[in-house]
Visitor: 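Structure below; questions to follow.
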Amino acid sequence: MSDAFDFSVSPFDRLTLDQRQRLAAALDLGVYVRDGVILSRDEPADCLFVVRQGLVHERQGGEVVAVHGAHDSFDLQALFSDGRARSFVAAEDTLCDLVPRQVLLELAHENAAFGAVIQQGFADRLSALANERANRETAALTMARIRQAYLHPPVFVEAGASLRDAAAAMKRNQASSVLVREGNLKDGGRVGILTGTDLRDLVVLEGRPVDSPVGPLARYELLALDRDDLLFNALILMTKHSVRRLVVTEQGEIAGLLEQTDLLAVLSNHSQVIALKVDRADSPEDLGRASQDIVGLIRTLHGTGVKVSFIADLVTELNRKIFRRLFELLAPPDLLANSCLIVMGSEGRGEQLLKTDQDNGLILRDGYDCPSLPQVTDAFTRHLVEFGYPPCPGRIMVSNPDWTRPLAQYKDSLFHWIHRPDEAAQMNLAIFYDAAAVAGDAALLAEAKGYLLGRLQDNQMFFTAFARPALAFDTPSGLFGGLFERRRNEAVDIKKAGIFPIVHGVRALALEKHRTETNTTERIWALADQGVLDRGMAGELADAFSFLSTLRLKAGLDGSVSGTQTDNLVRTESLGKLDRDQFKDCLALVKKFKELLAYHFHLNH
């Protein structure tokens, strides 16, 4: 079978005859049926796959991110780097030649031309993956509209008003300019502008009397754009004409003024800019300002239609940078070296968008003692509250000694949560299963999670009890049936009705199968790869989770200025028909998923 290998394709055309013969002798053949998993997320790669016949889909988070056909190869990234959130699935019946990793390395070492292509291919792959996120974010920011920036309310004075009157109007309205109305606009009148700088120059430098009328002194060639125009167009116009504000109109009427500082505030809400601020932060106050910038980034990306999963990835990365930097600023070096700061719950799963209750902890190396530990952990919690992360009602925070303990004590708690579970134990186990390392020695968390998965047994009673909360909240259906008109003003708690049943149900299935993923969407597709979930159901669940998370984000943005998630309520009358129909379908799917969970975990017995 190896005789059919095509050595005319790069980089294999660079091999000598002897090297080709050695490669051919080492080849194996992989045969994969349609929809079969070729390489899953958690499976170590020990060979390079070269497609001989068929088609392979490369997936990330349920989405197809690349397609590999005949003569294409994968996965250099898995061969030469740690960690991968992608899987490869046969899109049709497929044959792959398998090049063993060791043979590939030997040939790359012997043959400089062959090795250069392999090395460059790997570098290009990593570069493409790194650029993918930045390109999508930049594209979204360049599509931001003026309405996403803050507009200063227009302050009008009549043309006959004095310079003193104009100054008083600016002070009274905390404005840096006034609009001067000369005549009736419907009868050919016009509007001009007078800025604070104009006032200074007219009165101080030119000596104009403060009772001079503003009409003859205003500038009437206003630069104006519509509220739905692009922010970049506003930036270009300001740059071209060397001005710091534009008039913004809506349906032909003046809606407000766009100041240059507010425009730049939106365009500077780029994750790389925020990350740079975090890296350079010398104090918790610096981090607090960077944390506030994240809210603007979320609003901008959401307003330009970026998928909620992409926003969540960015926000997760930035939040963890902030938590890590804050801990580094507060903790002495020996504490950093002998502990692991963890985040749990939605932050651990990488699904927190707006700021929710803190869920964090600290795992200490056994035998280590830090005299200043209480002061460090109290300061960490206090600063996060100042940044806008509310304290956890259940006190799952590093400032609570129950969540800042040596590794051995965490293991004791895990044993208790597994073997003597009550409601609190199940909740603690669930959020710890979602934990992710943020700062310090990540090996401490890895050992604790290894202990957790190692203690789990095929205990039907345990998993039945663990999965039961997924059915705790009602998922309404009458909202969209014959009762819809009567109940159309009713608000639905989208977290309880839709998001939590998916998150916890998937978590229960993943824990039962000893999965190591923490993100809900990644868990869904890992379970599909393992055959626990049907691929059709997996796709529908992932889509539903994304849609419901988007609705929750919108509800949070509508109800919050600070970026804290204060509202999980979706009011059905506020939804358009398409969203209402999709909401209905999502809730129906959640009910179907609950039925699957009830059957799988014997929850009706």
Visitor: Just by modelled atom types, is the Met537 backbone N or O under 3.5 Å from a matching donor or acceptor in the Asp534 side chain?
Guide: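 Between the backbone of Met537 and the side chain of Asp534 there is a qualifying donor-acceptor contact (under 3.5 Å).
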
Visitor: Check side chain to side chain contact (heavy atoms under 4.5 Å, CB included) between Ala528 and all other residues, then give those that pass, not counting sequence neighbours.
Guide: Trp525, Arg535, Ala538

Visitor: Quick one: does Tyr433's side chain have a donor or acceptor within less than 3.5 Å of a partner on Ala510's backbone?
Guide: yes

Visitor: Is Phe310 close to Leu314 at the side-chain level, that is, under 4.5 Å between some pair of heavy atoms?
Guide: yes

Visitor: What residue among Leu335, Ile322, Val438 forms side chain to side chain contact (heavy atoms under 4.5 Å, CB included) with Phe327?
Guide: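 It is Leu335; the other options fail the test.
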
Visitor: Using the rule side-chain hydrogen bond (donor to acceptor under 3.5 Å, both in side chains), only one of Asn360, Thr356, Asp357, Asn319 pairs with Tyr389; which is it?
Guide: Asn319

Visitor: Using the side chain to side chain donor-acceptor pair (under 3.5 Å) rule, take Arg515 and Gln530 through it: C-alpha gap first, then chi angles, then the decisive distance, then the call.
Guide: CA-CA 10 Å; Arg515 302 300 313 179; Gln530 202 168 340; 2.8 Å; yes

Visitor: Would a line drawn from the ring center of Phe466 to the ring center of His504 be shorter than 6.0 Å?
Guide: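 Judged by ring-centre distance (under 6.0 Å), Phe466 and His504 do meet the cut-off.
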
Visitor: Hey, is the main chain of Ala435 close enough, under 3.5 Å, to the side chain of Lys449 for a donor-acceptor pair?
Guide: yes

Visitor: Checking Ser40 side chain against Ser87 main chain: does a donor-acceptor pair fall under 3.5 Å?
Guide: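 A pair under 3.5 Å: no.
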
Visitor: When you look at Leu456 and Phe462, which way does the side-chain contact (heavy atoms from CB on, under 4.5 Å) test go after all the steps?
Guide: CA-CA 9 Å; Leu456 289 175; Phe462 167 80; 3.7 Å; yes

Visitor: Would you say His302 and Leu557 make side-chain contact, with heavy atoms under 4.5 Å?
Guide: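 Contact flag for His302/Leu557 side chains = yes.
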
Visitor: Of the non-hydrogen atoms in Cys392 and Gln358, which two are nearest, and what is the gap between them?
Guide: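 The pair with the smallest heavy-atom distance is CB-O, 2.9 Å.
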
Visitor: Where do Ala290 and Val278 come nearest, in terms of heavy atoms and distance?
Guide: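 Smallest interatomic distance, heavy atoms only, reads CB-CG2, 3.8 Å.
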
Visitor: Quick one: closest heavy-atom pair of Leu597 and Gly505, and the distance?
Guide: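 Minimum heavy-atom contact is CD1-CA, 3.5 Å.
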
Visitor: Is it the case that the side chain of Glu351 and the backbone of Thr520 share a donor-acceptor pair, with hydrogens and angles ignored and the cut-off at 3.5 Å?
Guide: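 Looks like yes, one N/O pair under 3.5 Å.
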
Visitor: Looking only at heavy atoms, which two atoms of Met397 and Pro391 are closest? And how far apart?
Guide: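 Nearest pair, atom of Met397 first, then Pro391: SD-CA, 3.8 Å.
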
Visitor: Can you tell me which residue pairs pass the salt bridge (charged side-chain N to carboxylate O under 4.0 Å, His left out) test with a partner in residues 412-441, sequence neighbours excluded?
Guide: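 For residues 412-441: Arg349-Asp434, Arg365-Asp441, Asp434-Arg507, Asp434-Arg523.
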
Visitor: May I ask you to decide whether Asp286 forms a salt bridge with Arg289, counting only side-chain N to carboxylate O separations under 4.0 Å?
Guide: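 Salt bridge between Asp286 and Arg289, a charged N being under 4.0 Å from a carboxylate O: yes.
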
Visitor: What residues, two or more places apart in sequence or in another chain, satisfy side chain to side chain donor-acceptor pair (under 3.5 Å) together with Glu595?
Guide: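 Applying side chain to side chain donor-acceptor pair (under 3.5 Å) to Glu595 gives none.
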
Visitor: Of all heavy-atom pairs between Phe593 and Pro501, which one has the smallest distance, and what is that distance?
Guide: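 It is CE2-O, 3.6 Å.
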
Visitor: Is the backbone of Asp493 close enough, under 3.5 Å, to the side chain of Asn568 for a donor and an acceptor to pair up by distance?
Guide: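 No; zero donor-acceptor contacts below 3.5 Å.
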
Visitor: Below 30° counts as parallel, above 60° as perpendicular, anything between as tilted: where do the rings of Phe380 and Phe323 land?
Guide: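 Aromatic pair Phe380/Phe323 classed perpendicular.
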
Visitor: Please confirm whether Phe88 and Phe49 have ring centers closer than 6.0 angstrom.
Guide: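 Between Phe88 and Phe49, the centre distance exceeds or equals 6.0 Å.
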
Visitor: For a quick test of reading the model, state the closest non-hydrogen atom pair linking Leu527 to Val506 and the distance between them.
Guide: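 Heavy atoms of Leu527 and Val506 come nearest at CD1-O, 3.9 Å.
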
Visitor: Kindly say whether Phe387 contributes a backbone atom to a donor-acceptor pair with the side chain of Gln292 at under 3.5 angstrom?
Guide: yes

Visitor: Sub-3.5 Å donor-acceptor pair from the side chain of Thr550 to the main-chain atoms of Ser546, do we have one?
Guide: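 Side chain of Thr550 to backbone of Ser546, a donor-acceptor pair under 3.5 Å: yes, one is there.
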
Visitor: Would you say the side-chain atoms of Thr377 pair up with the backbone N or O of Pro374, donor to acceptor, closer than 3.5 Å?
Guide: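 Yes, because the side chain of Thr377 sits within donor-acceptor range (under 3.5 Å) of the backbone of Pro374.
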
Visitor: Between Thr404 and Val398, is there a donor-acceptor pair closer than 3.5 Å when you use the side chain of the first and the backbone of the second?
Guide: yes

